[in-house]
Visitor: 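Sending over a structure as structure tokens; questions will come in a sec.
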Amino acid sequence: MSGAELTLPLILTLFAIGFAGSFISGMVGIGGSIIKYPMLLYIPPMLGFAAFTAHEVAGISAVQVIFATIGGVWAYRSSGYLNKRLIVVMGAAILAGSFIGGFESSGLSEMTVNVVYGVLAAIAAVMMFIPKKEVPDMPAEDVSFSIPLAAVLAFIVGIGAGIVGAAGSFLLVPIMLTVLNIPTRMTIATSLAITFISSIGSTAGKVFTGQVLLWPAVIMIVASLIAAPIGAKAGQKMNTKVLKWILAILIAATAINIWRDLFMQML
């Protein structure tokens, strides 16, 4: 698909997908690709438009995540929930991993890209439903975590996320909540900043290998800049348990849908 094939109905469809995903992105602290990846993959052909390939969807998602997370981080800039130490440690590791994944993804088949996405989503879904005691909100300087563990996990997530153009936030959030024991609101705000860093690496890898469609990406970017700050403001006012359940349900539904589609392709 190219910019010349864009029609007004398709432009409105892409904008709606970008707006919905970015609103949820800002609200629950993810880059939004957990929502937008399957929506971009399935909704256009359902409405009669030409289908995007998995590589094209991953490329569009990677670029869009940069702007969705910028909007979310900006909304949290004075909230006190951005943990700078965690951002530096996990951000550096995930940047390296996402660039490697994004660069190497051009040589993978469509099926492989979707399988990687399905595996990441399934792992994230399981982690989100693991019973865990809520960590109360506290100042960033009082939050402790294992730096080596945080860096290693972020690097691994970055590789997988770079392949699918998702920036990895849908897996980062459950890792920060269940493994690193970071408070929920701090996790949401901080994961947006880490996701922004990750998206730089995955986007660079996909741009260098020609996997990004310009005009669909631009449409999604505009939607992201509008919707992400609105979602972040809404998230700051919501109960943390509600936020966790929304994220858990979204991740689980996406994992089920991706794996159902993969099994149908294999039959």
Side-chain angles (χ1 to χ4, degrees), residues 21-22 24-37 61-62 65-66 68-70 72-73 76 81-102 116-117 119-130 132 135 140 143 145-203 228 231-232 235 240 243-244 246-248 250-252 254-255:
S22 297
I24 295 171
S25 162
M27 186 170 64
V28 299
I30 59 176
S33 290
I34 188 72
I35 314 299
K36 280 168 277 193
Y37 187 96
S61 297
V65 166
I66 290 181
T69 49
I70 285 176
V73 171
Y76 275 105
Y81 294 126
L82 292 168
N83 189 314
K84 295 178 181 178
R85 189 160 58 104
L86 197 56
I87 291 170
V88 170
V89 171
M90 297 190 79
I94 202 169
L95 177 61
S98 64
F99 180 78
I100 293 171
V116 171
Y117 187 86
V119 169
L120 293 176
I123 293 172
V126 170
M127 293 182 69
M128 286 301 297
F129 284 102
I130 295 175
K132 184 181 177 298
V135 179
V143 175
F145 61 93
S146 169
I147 292 177
L149 179 61
V152 169
L153 291 175
F155 180 75
I156 295 172
V157 169
I159 293 175
I163 290 173
V164 300
S169 53
F170 64 90
L171 192 50
L172 277 178
V173 169
I175 284 174
M176 292 167 70
L177 290 172
T178 62
V179 180
L180 301 179
N181 295 314
I182 309 299
T184 300
R185 291 196 191 280
M186 186 172 292
T187 291
I188 290 171
T190 303
S191 68
L192 284 169
I194 297 170
T195 300
F196 166 69
I197 296 171
S198 169
S199 64
I200 295 172
S202 58
T203 299
T240 55
L243 289 172
K244 288 177 68 174
I246 290 173
L247 181 58
L250 288 172
I251 291 174
T254 300

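In this text, all values refer to a predicted model and were calculated from it rather than measured experimentally.
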Visitor: Decide yes or no on side chain to side chain contact (heavy atoms under 4.5 Å, CB included) for F155 and I94, but give the supporting numbers first.
Guide: CA-CA 5 Å; F155 180 75; I94 202 169; over 6 Å; no
Visitor: For V143, enumerate each residue passing the side chain to side chain contact (heavy atoms under 4.5 Å, CB included) test, keeping only those at least two apart in sequence or located in another chain.
Guide: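 Only N83, M138, I182, P183, M186 meet the side chain to side chain contact (heavy atoms under 4.5 Å, CB included) criterion with V143.
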Visitor: Roughly how far apart are T195 OG1 and I70 CD1, rounded to 0.5 Å?
Guide: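 Separation between the atoms: 12.5 Å.
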Visitor: I'd like to check the side chain to side chain contact (heavy atoms under 4.5 Å, CB included) partners of V126; sequence neighbours left out, ordered by chain and number.
Guide: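 Side chain to side chain contact (heavy atoms under 4.5 Å, CB included) check on V126 returns nothing, list empty.
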Visitor: Can you give me the closest heavy-atom contact between R185 and G235, atom names plus distance?
Guide: NH1-O, 3.1 Å
Visitor: Quick one, F145 and M176 - any side-chain contact, counting heavy atoms below 4.5 Å?
Guide: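 They are not in contact (no side-chain heavy atoms under 4.5 Å apart), so the answer is no.
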Visitor: If I compare all heavy atoms of T190 with all of Y81, which pair ends up nearest, and what's the gap?
Guide: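 For T190 versus Y81, the nearest heavy atoms are OG1-O, 3.2 Å.
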Visitor: Among T187, T184, T178, find the one that has a side chain to side chain contact (heavy atoms under 4.5 Å, CB included) with V173.
Guide: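 Going through the options one by one, the only one that passes is T187.
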Visitor: Who passes side chain to side chain contact (heavy atoms under 4.5 Å, CB included) against L149, sequence neighbours left out?
Guide: S146, L153, V179, L180
Visitor: With rounding to the nearest 0.5 Å, note down the distance linking CD1 in I197 to CG in L95.
Guide: 7.5 Å
Visitor: Would you name the heavy atoms of A154 and A93 that are closest together and state the gap between them?
Guide: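 Taking A154 first and A93 second, the nearest heavy atoms are CB-CB, 3.9 Å.
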Visitor: Heavy atoms only: give me the nearest A193-I87 pair and the separation to one decimal.
Guide: CB-CD1, 3.6 Å
Visitor: Which atom pair, heavy atoms only, marks the closest approach of L86 to I194?
Guide: O-CD1, 3.9 Å
Visitor: Side chain to side chain contact (heavy atoms under 4.5 Å, CB included) for V157 and M90? Distances and angles first, verdict last.
Guide: CA-CA 10 Å; V157 169; M90 297 190 79; over 6 Å; no
Visitor: Please enumerate all residues that pass side chain to side chain contact (heavy atoms under 4.5 Å, CB included) together with I156, with sequence neighbours excluded.
Guide: V152
